[in-house]
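Every value quoted in this text rests on a predicted model; they were computed, and no experiment measured them. Remember, it's 1-based here, ligands and their atoms both numbered in the order they're listed.
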Amino acid sequence: MPRRSVIIDTDPSPDDAVAFLMALASPEELDVLAITTVAGNVPLPLTSKNARKALELAKRTATPVYAGAAAPLVRKLITAEYVHGRTGFDGYDLPEPAMPLAEGFAPEVIVELAMQRSPGEVTLCCLAPLTNIALALSKEPRLASHLREIVIMGGAFSEGGNITPAAEFNIFVDPEAAARVLGCGAPITMIPLDCTHQALTAPARLDKLRACGTPVTEAFYHLLKFNKIFDETKYGWVGGPLHDATVIAYLLAPGLFAGREVHVSVELGSAQTLGMTVVDWWSVLGKPPNVQFLRSVNADGYFDLVIERLARL
Ligand code: BDR
Ligand code: CA
C-alpha cells in the first residue's frame with residue numbers, strides 16, 4: 001500500500017484521539033503532516049489542549065498541532081460536554097500539556113501543507129465539524145483538485161441522527177461548512193453513524209485494550225469507559241460507538257468497510273432536519289455521485305486493528 005500523507009482535523013474527545021494516535025502508530029502506511037483543531041465537542045481551547053495531552057501521553061510531540069476555527073462559519077457553536085464531560089476528556093486525568101501549539105491558523109496551514117506537495121498526495125482526515133476544511137477550500141480554490149481524498153466521519157442515513165432525529169453531530173454543528181465540502185469536487189469518503197453504530201466499545205474489547213498494559217492503552221481504557229456511559233444510557237447498548245477511528249481504519253484497511261458511490265447533500269433550509277445528510281442511495285435524482293458512502297464495518301476487525309495500533313505506542 002503506497003504511503004499516504006495525511007492532515008488530521010479534529011475536536012478531541014477520546015475517539016478523535018484514538019484516531020490520530022492510531023495514525024501516528026502506523027508510520028509505514030501514514031505520514032501525519034499535522035493535527036489541526038477546531039471547535040466541536042468542546043470549545044477550541046479545550047480541543048487544542050486535548051490534542052496535545054494525547055500526543056504527550058504517547059510521546060509523539062514532534063507532530064505539530066495547529067488551532068483553527070473557534071466557531072462555525074455562520075452559526076453559534078454547539079458542544080457536547082453532556083457526552084464527553086466538561087473537559088472533553090473526562091474519565092482519566094492527563095497532565096496539562098507542556099508542548100505549545102504550532103504557529104499558524106489551521107485552515108491556512110492545511111492549504112500550505114497540501115499545496116506544497118504533489119497533486120494527489122495529501123488526504124484530509126476529518127473527525128469534527130468541517131469549518132476548517134471549508135475555510136481552507138475558500139482560501140485556495142485549487143485545493144479540492146489537489147487533494148488525494150477527503151475522508152469524513154460524519155452524517156447518517158438509515159441510522160437517523162444523534163444530535164437531532166435527522167442529523168449527526170459533526171454535520172449539524174456546521175452544516176454550511178459540510179455543504180461546501182461535499183460540493184467541492186474532491187474525492188470524498190464518508191463514514192456515517194450507520195457504520196460507527198456497529199462499532200461499540202463492548203467490555204471484552206475494552207478489556208483487550210487494557211490488557212496491552214501500556215500507559216496509552218490504560219488511559220484510553222478509562223477515557224472510553226467514561227465515554228460510553230452516555231451512549232449506553234441513550235441507546236440501551238452495551239458499549240458506545242468508537243466513531244472517529246473508523247477514518248484511520250479505513251485508510252489502513254479499506255476492506256473492513258462496505259458502501260457505494262452516491263450523491264449526498266446537506267439540508268440547510270429546514271429547522272427540523274437542519275444538517276441532515278440526504279443520501280440518494282437509489283440514485284432517484286440521477287445526479288453524479290460526490291461521495292463514497294460507507295454503511296457497514298467489520299467491527300471485530302476494526303477493534304483488532306485499533307488495539308494492535310494503540311499497543312505500539
Ligand atoms: C462525532 O461527534 C463527536 O462527538 C465524535 O467525536 C464524532 O466525531 C460523532 O457524531
Ligand atoms: Ca470528533
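Between the side chains of Ser5 and Arg148, no donor N or O sits under 3.5 Å from an acceptor N or O. In this structure, a donor-acceptor pair under 3.5 Å is present between the side chains of Thr79 and Glu81. Thr189 and Glu149 form a side-chain donor-acceptor contact under 3.5 Å, judged by distance and modelled atom types alone. Remark: the Asp90 side chain and the Thr87 side chain contain an N/O donor-acceptor pair separated by less than 3.5 Å.
Nearest N/O/S atom of Asp244 relative to the Ca ion (ligand 2): this is OD2. Here the N, O or S atom of Asp11 that is nearest to the Ca ion (ligand 2) is OD1.
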Derivation and outcome, ring-ring contact (aromatic ring centres under 6.0 Å, His included), residues His243 and Phe169:
CA-CA 11 Å; His243 299 284; Phe169 179 81; 9.6 Å; no

Could you please spell out the steps behind the salt bridge (Lys or Arg N to Asp or Glu O under 4.0 Å) verdict for Glu176 and Arg180?
CA-CA 6 Å; Glu176 284 76 15; Arg180 197 177 291 178; over 6 Å; no

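Distance from atom 8 (O) of ligand 1 to its nearest protein heavy atom, with residue and atom name: Asp244 OD1, 2.7 Å. Scanning the protein heavy atoms around atom 5 (C) of ligand 1, the nearest turns out to be Asp15 OD2, 3.3 Å. For atom 9 (C) of ligand 1, the closest heavy atom belonging to the protein is Glu168 OE2, 3.2 Å. Nearest protein heavy-atom neighbour of atom 2 (O) of ligand 1: Phe169 CD2, 3.4 Å.
Taking a cut-off of under 4.0 Å to the non-hydrogen atoms of His84, the atoms of ligand 1 that pass are 4 (O). Atoms of ligand 1 lying under 4.0 Å from any heavy atom of His243, numbered from 1 in the order shown and given with element: 7 (C), 9 (C). Contact atoms of ligand 1 toward Met153: 1 (C), 7 (C), 8 (O), 9 (C) (distance under 4.0 Å to a heavy atom of the residue). Remark: ligand 1 atoms within the under-4.0 Å shell around heavy atoms of Asn170 are 1 (C), 2 (O), 7 (C), 8 (O).
Not one N/O/S atom of Ala128, from backbone or side chain, sits under 3.0 Å from the Ca ion (ligand 2).
At least one N/O-N/O distance between Asn41 and ligand 1 falls below 3.5 Å. Checked against a 3.5 angstrom limit, the closest N/O atoms of Leu193 and ligand 1 fall outside it.
Aromatic ring centres of Tyr92 and Phe226: separated by at least 6.0 Å.
Ring geometry for Trp281 versus Phe293: interplanar angle over 60°, hence perpendicular rather than tilted (30 to 60°).
The residue from Leu313, Val306, Ile248, Asp16 that alone fulfils the side-chain contact (heavy atoms from CB on, under 4.5 Å) condition with Leu21 is Leu313.
Residue Asp207 places its CG atom among more than 12 non-hydrogen atoms of other residues, nucleotides or ligands, all under 6.0 Å distant.
Residue contacts with ligand 1, taken as heavy atom pairs separated by less than 4.0 Å, involve Asp16 solely via side-chain atoms from C-beta onward. Under 4.0 Å from ligand 1, the heavy atoms of Asn162 that appear belong solely to its side chain. At a heavy-atom distance under 4.0 Å, only side-chain atoms of Ser13, from C-beta outward, approach ligand 1.
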